[in-house]
Amino acid sequence: MEKQTIASSCLFLLYIATFTVAEVLEAHHHHHHHNRHGSVKLFVFGDSYADTGNTGKSVSASWKEPYGITFPRKPAGRFSDGLVLTDYIASFLGIRSPVPYTLRKFVKKPKLESGMNFAYGGTGVFDTVFGGPNLTTQIDFFQQLLEQKIYSTKNDVVNSSIALVSVAGNDYAAYFGNHTEDFAVVTKSIIKQLAVDLERIHGLGVRKIAVTAIGPLGCLPRMTSFLSYQNCSEVANLVSIFHNQILRQKVEELNKETKKSSFVILDLYNASLSAIMLPKHHQGYSTLQINPLKPCCVGVSKEYSCGSVDESGAKKYIVCDKPKLSFFWDMIHPSQNGWHEVYSAIKSSLRQLYL
C-alpha cells in the first residue's frame with residue numbers, strides 16, 4: 001500500500017481512536033456506577049477506526065513502527081500512534097478494551113468478560129479491495145461464539161451488552177474510483193444492508209447498539225494533500241453528509257420498530273469537523289501554528305507512506321515533533337489526540353447507551 005490514489009482515500013476511513021491514563025482511572029472510578037447490574041460487555045464490529053489488532057501483522061502497517069509510539073509505545077495493531085475509538089468507549093463503560101477476535105485463544109477467559117472486538121482494518125459493509133471479513137461475516141463470528149457458549153447464556157448477553165459498529169467509509173472507495181453507479185443508489189444500498197446487520201446484532205441479544213456516522217471524507221489528509229492541507233474537499237464531504245442523513249432516517253425507523261431506542265448514532269462527522277475547524281488554544285494549535293489537517297506521520301515522498309521502509313530497512317517516513325498536538329496521525333486515521341477530541345464531543349451520545 002505504498003502507492004495510493006484518490007480512489008483509495010476513503011478505503012480505510014473509519015479506523016482508530018485514543019485514550020489517556022487519566023481517563024482510564026476516571027473510567028475505573030465510575031466502574032461500579034456504570035455496571036450496577038454486572039459487568040458490561042462490549043462487542044465491536046467494523047474497520048480500522050475500531051480494530052485493535054485483528055488485521056494481520058504481515059499485511060498491516062498497524063503492526064509496524066512508528067504506529068503505537070504514544071501508546072503502548074510499540075506497534076500493537078492499532079492504526080494510530082495510540083489507542084482507538086474502541087478503547088475510548090470501553091473506558092467510558094468502565095471496562096478493559098475487548099480482546100481482538102484473532103487473539104481470543106491466546107488469553108485467559110477472564111479477559112473475555114469485557115466482550116470481543118471483531119473489527120478488521122480495511123473492511124466494509126460489503127467486501128472491499130483490501131479483503132478481510134465484511135460486516136456480515138464479522139457478525140457470523142459473533143454468532144458462532146454465542147453458539148459455542150463462550151458467553152454463558154443469551155440472557156447474559158441481553159442484560160449486559162453494548163455493540164459498537166464503526167463501518168462504511170471503505171464502501172465508498174469504489175465510488176470515488178469509478179463513478180459508474182449513481183451515488184444515491186450506492187448509499188441506499190450500503191444503508192439497507194447496514195440496517196439488516198444492525199437488526200441481526202440486536203436479534204442476537206445485544207441491548208444497545210452504537211453506530212458511527214462516517215466522518216468528513218473531504219478532510220482526510222489523503223484528500224487535503226492536493227490542497228496543501230489547507231482546506232477540506234467540500235464535494236467529498238457531501239458524500240459523508242448524504243450517507244449520514246440516510247443513516248439517521250434508517251436508525252429512526254429501527255428505533256420505532258424496537259420501541260426501546262436500541263440504536264444510537266455517534267456523530268463522528270460533526271465531532272471531527274469541530275475539532276479540525278475550531279482548534280483549542282490550550283492544546284497549543286495557535287501558539288505552535290500546528291495545522292490540524294496535516295498528518296503527523298507521512299512518507300518522505302508520494303511513493304511512501306507512514307511506516308514505509310526500503311529494501312535495506314531504512315525508514316522512508318517522517319514523524320512530527322509533537323504527535324500529541326496533531327489531529328491526524330497518517331493520511332487516513334486520527335491521532336490519539338484527534339480521537340480524544342472526537343470522544344469528548346460524542347460523550348453525550350454515549351450516555352444514551354444507559355437510557
Side-chain angles (χ1 to χ4, degrees), residues 14-15 17 34-35 37-57 60 62 76-78 83-128 131-167 193-212 254 258 262-264 353:
L14 292 174
Y15 286 64
H34 288 320
N35 298 323
H37 304 291
S39 180
V40 170
K41 294 173 181 61
L42 176 63
F43 298 103
V44 183
F45 307 87
D47 54 29
S48 63
Y49 276 18
D51 186 359
T52 56
N54 280 318
T55 306
K57 292 184 179 181
S60 176
S62 63
R78 290 171 169 86
L83 301 183
V84 304
L85 183 60
T86 296
D87 301 305
Y88 267 113
I89 293 179
S91 76
F92 178 84
L93 298 175
I95 59 176
R96 70 171 73 228
S97 197
V99 171
Y101 173 73
T102 56
L103 303 179
R104 68 193 184 284
K105 294 181 180 178
F106 302 101
V107 300
K108 295 181 180 179
K109 191 170 183 179
K111 287 190 175 181
L112 301 179
E113 291 178 358
S114 60
M116 194 167 291
N117 188 343
F118 302 92
Y120 283 73
T123 61
V125 173
F126 298 113
D127 290 338
T128 68
N134 64 25
L135 183 56
T136 300
T137 304
Q138 292 177 26
I139 300 170
D140 288 342
F141 295 157
F142 176 46
Q143 183 171 347
Q144 289 165 12
L145 291 184
L146 294 181
E147 292 171 353
Q148 294 167 8
K149 309 294 184 184
I150 299 299
Y151 297 97
S152 56
T153 65
K154 187 174 180 180
N155 286 334
D156 180 41
V157 176
V158 169
N159 293 329
S160 62
S161 65
I162 290 172
L164 166 65
V165 179
S166 174
V167 72
Q193 182 58 44
L194 177 57
V196 170
D197 291 331
L198 293 175
E199 286 186 296
R200 184 179 169 204
I201 294 171
H202 187 256
L204 288 171
V206 179
R207 182 175 59 85
K208 286 276 191 173
I209 301 170
V211 57
T212 59
L254 292 176
T258 63
S262 300
F263 304 92
V264 176
L353 298 174

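Remember, predicted model here, so these are calculated numbers, not experimental data.
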Dump the intermediate steps for side-chain contact (heavy atoms from CB on, under 4.5 Å) on Ile89 and Val44, then the final yes or no. CA-CA 10 Å; Ile89 293 179; Val44 183; over 6 Å; no

Using the rule given for side-chain contact (heavy atoms from CB on, under 4.5 Å), can you reason through Thr123 versus Thr55, listing the C-alpha separation, both sets of side-chain angles and the distance that settles it, and then say yes or no? CA-CA 10 Å; Thr123 61; Thr55 306; over 6 Å; no

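Of all the heavy atoms in Val125 and Val167, the pair that sits closest is N-CG2, 3.6 Å. Thr52 and Ser97 make their closest contact through CG2-OG, 4.3 Å (heavy atoms, listed as atom of the first residue, atom of the second, distance). Nearest approach of Tyr120 to Asn54, heavy atoms of both residues: CE2-O, 3.6 Å. In terms of heavy-atom proximity, Gly115 sits nearest to Pro98 at C-CB, 3.8 Å. Contact between Val165 and Ile209 at its shortest, heavy atoms only, is CG2-CG2, 4.0 Å. The two residues Val211 and Leu194 make their nearest non-hydrogen contact at CG2-CD2, 4.4 Å.
Val107 is linked by a side-chain contact (heavy atoms from CB on, under 4.5 Å) to Val99, Lys111, Leu112, counting only residues two or more places apart in sequence or in another chain. Every residue meeting the side chain to side chain donor-acceptor pair (under 3.5 Å) condition with Gln143, not counting sequence neighbours, appears here in chain and number order: Glu147, Arg200. The side-chain contact (heavy atoms from CB on, under 4.5 Å) search around Asn134 returns Asp127, Thr136, Thr137, not counting sequence neighbours. With sequence neighbours left out, Phe118 forms a ring pair (Phe, Tyr, Trp, His ring centres under 6.0 Å) with Phe45, Tyr101, Phe142.
Side-chain contact check for Ile150 versus Arg104: every heavy-atom pair is 4.5 Å or farther apart. Residues Arg78 and Asp87 form a side-chain contact, since some pair of their non-hydrogen atoms from C-beta on lies under 4.5 Å apart. Counting heavy atoms from C-beta on, the side chains of Ile201 and Ile139 come closer than 4.5 Å.
Taken from NZ in Lys208 to CG in Leu42, the straight-line distance is 15.0 Å, to the nearest 0.5 Å. Rounding to the nearest 0.5 angstrom, the gap separating the CZ atom in Phe263 from the NE2 atom in His202 is 5.5 Å. Expressed to the nearest 0.5 Å, how far CG of Asn117 lies from CG of Leu164 amounts to 8.0 Å. In this structure, the separation between OG1 on Thr258 and CZ on Arg207 is 12.5 Å, given to the nearest 0.5 Å. Considering OG of Ser160 and CG of Leu93, their distance stands at 11.0 Å, rounded to 0.5 Å. Once rounded to the nearest 0.5 Å, the distance linking CG of Leu204 with CD of Glu199 reads 12.0 Å.
Although no hydrogens or angles enter the test, the distance criterion places a donor-acceptor pair under 3.5 Å between the side chain of Thr128 and the main chain of Gly122.
No side-chain N or O of Gln144 forms a donor-acceptor pair with one of Asp140 less than 3.5 Å apart.
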